[in-house]
There are 2 protein chains.
Amino acid sequence: MPRRATIYDIARLAEVSPGAVSSVLNGTWAKRRISRMTADRVNRIAAEQGYAVNFQASMLRRERSHVIGMIVPKYDNRYFGAIAERFETMARARGLFPVITCTRRDPDLEFEAAREMVSYQAECLVVTGATDPDRIAALCHAAGVRAINLDLPGRLAPSVLSDNFDGALRLTRLLVRRTEADFGAPVPLWFVGGRVGDNNTTERLRGFHAALAEAGRSAEPSHIVTPGYSSAPVAAELGRAAPAAPLGIFANSTIAVEGVMRVVAGLPDPAGVRMACFDWDPFAALLPQMIAMARQDVEGMLARLFALIDGEECPAAARTEIPCILELAPRPSGRAAG
Amino acid sequence: MPRRATIYDIARLAEVSPGAVSSVLNGTWAKRRISRMTADRVNRIAAEQGYAVNFQASMLRRERSHVIGMIVPKYDNRYFGAIAERFETMARARGLFPVITCTRRDPDLEFEAAREMVSYQAECLVVTGATDPDRIAALCHAAGVRAINLDLPGRLAPSVLSDNFDGALRLTRLLVRRTEADFGAPVPLWFVGGRVGDNNTTERLRGFHAALAEAGRSAEPSHIVTPGYSSAPVAAELGRAAPAAPLGIFANSTIAVEGVMRVVAGLPDPAGVRMACFDWDPFAALLPQMIAMARQDVEGMLARLFALIDGEECPAAARTEIPCILELAPRPSGRAAG
DNA sequence: CTGAAAGCGCTTACAG
DNA sequence: CTGAAAGCGCTTACAG
């Protein structure tokens, strides 16, 4: 493996000192009163040699690393994928070096990944959807790294969340209204997916109950099916509960929709199902059963996140809830009311 | 910002030399014949201090960085999201440090990101779906970094691809067979999405034509609609071409499906459309028009990719095409034949 | 206008 | 069984 060119190689070729090369290449040459002629020569030779600075050496020497870390449960998911993508773009726009790693909802991997971010000398770590954000915040604080929670809240660092209660409330109101309109009378409403104890599920469940209460109704406990976030257990548990159409379903995440649809496909009357989903997917929106989706406002969340990052103040108590965007599904032509 | 603990801090507290601390913490203490008692003490104190090694310093000093880079067009996409996620998992399993960055199909960003990977001292760069992979490979080679292309091929580095021709051939055969069965006679077949000149579109188009030729048919040039990979131009151009049902559509990517569905929704008879899609999405599979999807074999592709990475040999000519997995869409109960 | 020099935090051959 | 020391490639105050 041919050794990469260093500032010493460039210095030799340009017949200047390594220090001068360094300041030309990192743009501080004017401040150091190096002549433009020298700067041009050094830049030309560096380009010819395909020189690329060694980040390890450069970051070691500099006072600040400008590294900003993010851990995220998954990439393979519209919501978290959009978060990761937008995070990178916004970090780069600020001259920061984003380092993202995906922790697959594994608590140990989350913690190890956070440690790794400390090792990368991250100045700030965005902890997205972590199962135990406070454990990570403690690790960060011990190392002098700012932590900010995203998507799921913690007590030891500020949190930027979706307004899960409000989104679920509005979604459930729609579900109540549309099922009554389509079927001519109240039908059983189910809440499917997620895990009780998880903050987001708790908040959405609260919104679900509140909307039912507004309508003078209450939820049947056996219609709350929360076996987690993957689709197989959702399909299994919902299948055992044997729902009968007509009915309405609040799907707590698009992954839950995958499970729900397997059960719905087996029903004698799939057209007797109406569904609302917390989270958004363009194709799920085209399902004939879908009436609305609560799209989490990724841009709004990240705007708030970077406002916290840009401002130094980060009170641990700060907690921002960003409203979701309610997307009505197109009403398929073939679907009759009632 | 409190300074992070260093090996010097631990050394002082444990009353040993910094060198001894270093070898205890990186596991080479047995080789250096340091006593277990000393090692235990150092480990305990390091844990108490929340010590985390400084990667910049450690990687600078070591001979190898163990960093492995990947550039990827998007995270917010089932296919590329799955690639990024699996890449991280497999790299970690090998003790490597994956660094991924998302380049949003921007040629300049791709090149800048590749430069950045060289600066991170990456030993290898996986170039995924790049618009100009050879420009990046040249940069890598100049810096002594191995490059491997994924998803789109280049001439200067080995390439791991989907077997686009074969996948499109099988998908089109299905489309021919199912439209003839459902409508009782051959109907117009359209190819929608992607860009002519792009390797993958070219190969899939070749498969499309080959399957038509097998059936003794040929494609109408005006039925090839390839205005790129985003959904808005697909909807616009397909809308202008005003397709009439009954018809069959080969959608070149799930993003194309989004555009196609906007047009289909406006047709007098959406049920007169059959669609096959290159690429997979669980919800797109549930569209009533969808008959089959070609799921790219991400696991198979990455297995091959890491076989190249693990083995030192990387002949630039090497080109592997991994077969796609054909997923038949569930046949909706409400859909009548003919 | 530019160079010599110290030092970032680590690793590892070498000496004992 | 352990320490002293050199050096990875850079940056930047300091001296001239």
Side-chain angles (χ1 to χ4, degrees), chain A residues 1-12 14-42 46 49-67 97 118-123 143-144, chain B residues 1-12 14-42 46 49-67 97 118-123 143-144:
Chain A
M1 180 148 126
R3 246 190 3 85
R4 290 152 162 80
T6 69
I7 52 169
Y8 297 97
D9 301 318
I10 310 297
R12 199 167 13 78
E15 298 180 304
V16 288
S17 72
V21 172
S22 174
S23 60
V24 168
L25 293 177
N26 63 39
T28 54
W29 59 275
K31 202 176 83 190
R32 290 201 63 201
R33 306 162 61 67
I34 285 168
S35 68
R36 175 175 295 278
M37 220 193 63
T38 305
D40 288 348
R41 182 158 36 93
V42 167
Q49 301 296 312
Y51 176 82
V53 70
N54 180 322
F55 275 169
Q56 275 83 36
S58 159
M59 286 178 178
L60 177 59
R61 194 61 187 79
R62 282 176 191 282
E63 192 146 322
R64 296 187 47 192
S65 71
H66 293 104
V67 168
F97 295 103
V118 174
S119 283
Y120 275 118
Q121 310 302 107
E123 297 174 355
Chain B
M1 183 147 124
R3 249 191 359 88
R4 290 152 163 79
T6 70
I7 52 169
Y8 297 97
D9 302 317
I10 310 298
R12 200 168 12 79
E15 299 181 304
V16 288
S17 73
V21 170
S22 173
S23 60
V24 168
L25 294 176
N26 63 38
T28 54
W29 58 275
K31 203 175 86 193
R32 292 200 64 201
R33 306 160 61 69
I34 285 168
S35 68
R36 172 173 297 279
M37 221 191 65
T38 304
D40 288 348
R41 183 159 35 96
V42 167
Q49 300 296 313
Y51 176 83
V53 70
N54 180 322
F55 276 168
Q56 274 82 34
S58 159
M59 285 177 178
L60 177 59
R61 194 61 188 78
R62 282 177 191 281
E63 191 146 323
R64 296 186 48 192
S65 71
H66 293 105
V67 168
F97 296 103
V118 173
S119 283
Y120 275 120
Q121 310 301 107
E123 297 173 356

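Reminder, nothing fancy here: chain letters follow the sequence lines and each chain counts from 1. The structure displayed is predicted, hence computed values, not measured ones.
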**Study point:** Evaluation steps, side-chain contact (heavy atoms from CB on, under 4.5 Å), between B:Arg62 and B:Arg64
**Key:** CA-CA 6 Å; B:Arg62 282 177 191 281; B:Arg64 296 186 48 192; 5.9 Å; no
One pair to check against side-chain contact (heavy atoms from CB on, under 4.5 Å): A:Leu25 and A:Val53. What are the steps and the verdict? CA-CA 8 Å; A:Leu25 293 177; A:Val53 70; over 6 Å; no
Stepwise side-chain contact (heavy atoms from CB on, under 4.5 Å) check, B:Asp40 with B:Met37
CA-CA 5 Å; B:Asp40 288 348; B:Met37 221 191 65; 5.9 Å; no
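Taking the ring centroids of A:Phe55 and A:Phe97, they lie under the 6.0 Å cut-off.
Rounded to whole Å, the distance from CG on A:Asp9 to P on D:dG9 is 9 Å. Distance, B:Ile34 CD1 to D:dC1 P: 11 Å, rounded to whole Å. The CZ-P distance, from B:Arg12 to C:dG9, rounds to 13 Å in whole Å. The CZ-C1' distance, from A:Arg36 to C:dC1, rounds to 15 Å in whole Å. One atom, CG of A:Leu60, and another, C1' of D:dG7, lie 12 Å apart when rounded to the nearest Å. Straight-line distance from the CD atom of A:Gln56 to the C1' atom of C:dC8: 13 Å, rounded to whole Å.
A side chain to side chain contact (heavy atoms under 4.5 Å, CB included) with B:Tyr51 holds for exactly one of B:Asp9, B:Val21, B:Ile7; it is B:Ile7.
Both key distances under 3.5 Å define a Watson-Crick or G-U pair, and stretches of 3 or more such consecutive pairs in DNA chain D run C:1-3 with D:14-16, C:5-12 with D:5-12, C:14-16 with D:1-3.
Using modelled atom types, no side-chain atom of A:Thr28 and backbone atom of A:Lys31 make a donor-acceptor pair closer than 3.5 Å. Under the 3.5 Å distance criterion, the side-chain polar atoms of B:Gln121 are left unmatched by any main-chain donor or acceptor of A:Asn54.
Nearest heavy-atom pair across B:Ile34 and B:Ser23 is CD1-OG, 3.3 Å.
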Counting primed atoms, P, OP1 and OP2 as sugar-phosphate and everything else as base, the B/S/- map of nucleotides 10-16 of chain C against protein heavy atoms under 4.0 Å is BBBB---
